[in-house]
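What follows is one structure encoded as structure tokens, with my remarks underneath.
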There are 4 protein chains.
Amino acid sequence: MSVNKVILVGNVGKDPEVKYLDNGVAVCNFSLATSETYNNKNGEKVTQTEWHNIVFWRKLAEIAETYVKKGMQIYVEGQLRTRNWEDKDGVKRYTTEIFGTSMQMLGRKADNNSEPQTNPEVAQHTVADSTEAEETDDLPF
Amino acid sequence: MSVNKVILVGNVGKDPEVKYLDNGVAVCNFSLATSETYNNKNGEKVTQTEWHNIVFWRKLAEIAETYVKKGMQIYVEGQLRTRNWEDKDGVKRYTTEIFGTSMQMLGRKADNNSEPQTNPEVAQHTVADSTEAEETDDLPF
Amino acid sequence: MSVNKVILVGNVGKDPEVKYLDNGVAVCNFSLATSETYNNKNGEKVTQTEWHNIVFWRKLAEIAETYVKKGMQIYVEGQLRTRNWEDKDGVKRYTTEIFGTSMQMLGRKADNNSEPQTNPEVAQHTVADSTEAEETDDLPF
Amino acid sequence: MSVNKVILVGNVGKDPEVKYLDNGVAVCNFSLATSETYNNKNGEKVTQTEWHNIVFWRKLAEIAETYVKKGMQIYVEGQLRTRNWEDKDGVKRYTTEIFGTSMQMLGRKADNNSEPQTNPEVAQHTVADSTEAEETDDLPF
DNA sequence: TTTT
DNA sequence: TTTT
């Protein structure tokens with residue numbers, strides 16, 4: 001009975017960091033900047049940047065490890081998740097992350113990769129963190 | 001390299017129609033109304049209603065067949081698809097549909113079902129038209 | 001060059017708290033719960049709830065003050081904003097909020113208000129935190 | 001009590017066509033392609049392209065006229081609207097359009113404009129079809 | 001820490 | 001054809 005959806009288009013702050021759990025599952029973290037520019041009451045242009053903590057798991061994490069680079073403009077769809085943890089003084093702290101479920105690299109191919117792409121399928125289409133029911137070809141849609 | 005996403009909250013116009021293909025796959029069609037009210041230049045309140053053709057396949061179609069009823073307020077997420085077909089005069093015609101990928105029944109339980117719900121899990125949570133990678137319990141998220 | 005969008009459908013955790021700035025501007029805060037249920041690896045049903053900090057300003061805040069109540073199911077559209085502040089030990093802390101730009105009360109009227117509505121126009125249509133260019137009636141759309 | 005939202009990232013099919021009504025209001029039409037690639041049951045890669053009819057009004061139309069070009073990758077947010085009209089045989093026909101409310105040009109500047117941009121503010125930030133309440137600088141958000 |  |  002609920003919807004928890006985030007849609008972002010922004011620029012990657014740093015090359016993603018990927019680590020692998022003991023069971024081989026990949027987890028990828030990086031931050032994504034979205035910016036808004038407006039004129040303040042003095043007529044000066046002000047840019048306000050938001051930094052979003054993105055987390056990808058499994059296949060999305062592996063793809064991000066290979067293809068996502070600092071500075072790229074990407075589309076991310078995901079869910080909000082607020083984790084809590086204890087800081088060094090034992091105080092409960094909260095961090096809000098975007099648990100990514102889908103990702104797109106935007107702009108032209110030449111933008112995103114200086115080298116020729118060896119796996120264009122992966123790089124150029126939406127990648128979703130799920131085993132989507134593959135549409136079979138014999139259905140009329 | 002693209003995103004095609006529709007998000008609707010509206011009211012179901014009629015009980016969904018479901019048919020089953022020879023291979024047992026369910027297909028469900030119904031229309032969903034979204035309305036906007038505004039004041040025109042004469043200060044009169046005007047309501048403008050849009051009717052959306054919704055199509056669900058497989059499990060989503062089966063769930064809609066069982067639980068979705070005329071008048072219900074639901075959330076639908078999906079993609080735009082424009083089909084073409086020939087009318088009786090052989091003229092090519094186009095129909096735009098929302099290929100639903102996720103659905104929610106909104107409002108309280110009592111709103112949506114006069115009878116007690118025998119399968120609350122199905123009725124009260126998001127249902128997606130995909131075999132989502134079930135989150136396993138041994139992962140720290 | 002960026003998009004920062006959040007779409008939530010959830011239940012209001014408490015009656016909204018509204019305060020008015022010296023210039024008369026209303027600010028409204030409340031938390032909104034979204035829940036997901038899944039089966040863990042032992043086959044047990046587990047519900048995971050996320051709490052979102054919602055902030056409304058101006059007209060949206062005033063409408064929320066009047067109509068939004070604990071328990072209601074609402075739709076919220078907005079942007080992610082992470083504020084930083086100093087805790088009592090002078091440590092920089094971060095809080096992520098949803099700066100709401102649009103809101104809808106869902107479900108039937110009877111769900112959302114025990115008393116008769118004195119201002120149904122306000123309560124029953126989308127309210128956006130902007131002075132939208134009102135569509136004039138003489139345009140063909 | 002409803003939500004009617006479309007979010008697209010795709011490529012512009014042709015340079016937008018803009019016309020001006022007698023009252024000076026600009027209306028802009030163009031089509032936007034979104035594509036999906038999947039493997040069919042024979043393991044062949046199939047690309048399915050959807051064409052969306054986009055309509056912009058007023059300022060968005062004027063900006064599109066100046067900056068949006070065939071081939072560009074853009075983000076469009078809007079609403080679904082189905083118009084009906086009579087074809088030459090007097091038959092009622094339907095056309096579904098996306099009434100755009102917000103637009104972004106994606107990718108690097110060099111992607112989208114071969115010439116230097118004379119109005120970077122307009123071209124590089126989100127443009128919404130509304131007179132948004134300008135955030136004033138004296139509010140703490 | 002990004003981008004324009 | 002819905003809903004308020």
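It should be emphasised that the depicted structure is a prediction, and the values quoted were computed from it without experimental measurement. To find a chain, count down the sequence lines: A is the first, B the second, and so on, and within it residues start at 1. Values below: every heavy atom of this structure, side chains too, minus hydrogens, waters and symmetry copies.
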- Message: My understanding is that only residues two or more places apart in sequence, or in another chain, count here; which of them pass side chain to side chain donor-acceptor pair (under 3.5 Å) with B:D87?
- Response: B:R93
- Among all residues two or more places apart in sequence or in another chain, which pass the side chain to side chain donor-acceptor pair (under 3.5 Å) test with B:E50? none
- Does the side chain of A:T37 pick up a donor-acceptor pair with the side chain of A:T47 at under 3.5 Å? yes
- Task: Would you indicate which nucleotide in E:dT2, F:dT1, F:dT2 comes nearest to any side-chain atom of A:A33?
- Result: E:dT2
- Tell me which nucleotide among E:dT1, F:dT2, E:dT2 gets nearest to the side chain of A:K14. E:dT1
- Item | F:dT2 pyrimidine/purine six-ring stacking with B:W51, under 5.5 Å and 30° | no
Using whole Å, report how far [atom1] of [X] lies from [atom2] of [N].
X: B:E50; N: F:dT2; atom1: CD; atom2: C1'; answer: 13 Å
X: B:L8; N: F:dT1; atom1: CG; atom2: C1'; answer: 16 Å
X: B:N11; N: F:dT2; atom1: CG; atom2: P; answer: 10 Å
X: D:Y94; N: F:dT1; atom1: OH; atom2: C1'; answer: 12 Å
X: B:D15; N: F:dT2; atom1: CG; atom2: P; answer: 11 Å
X: A:K45; N: E:dT3; atom1: NZ; atom2: C1'; answer: 14 Å
X: A:M72; N: E:dT2; atom1: CE; atom2: P; answer: 16 Å
X: D:Q104; N: E:dT4; atom1: CD; atom2: P; answer: 14 Å

- Query: Is the distance between the ring centroids of B:F30 and B:F56 under 6.0 Å?
  - Reply: yes
- Message: So B:T49, base contact, sugar-phosphate only, or nothing? Heavy-atom distance under 4.0 Å.
- Response: base
- Looking at every strand, decide which applies to A:K70 at a 4.0 Å heavy-atom threshold: base, sugar-phosphate, or nothing. sugar-phosphate
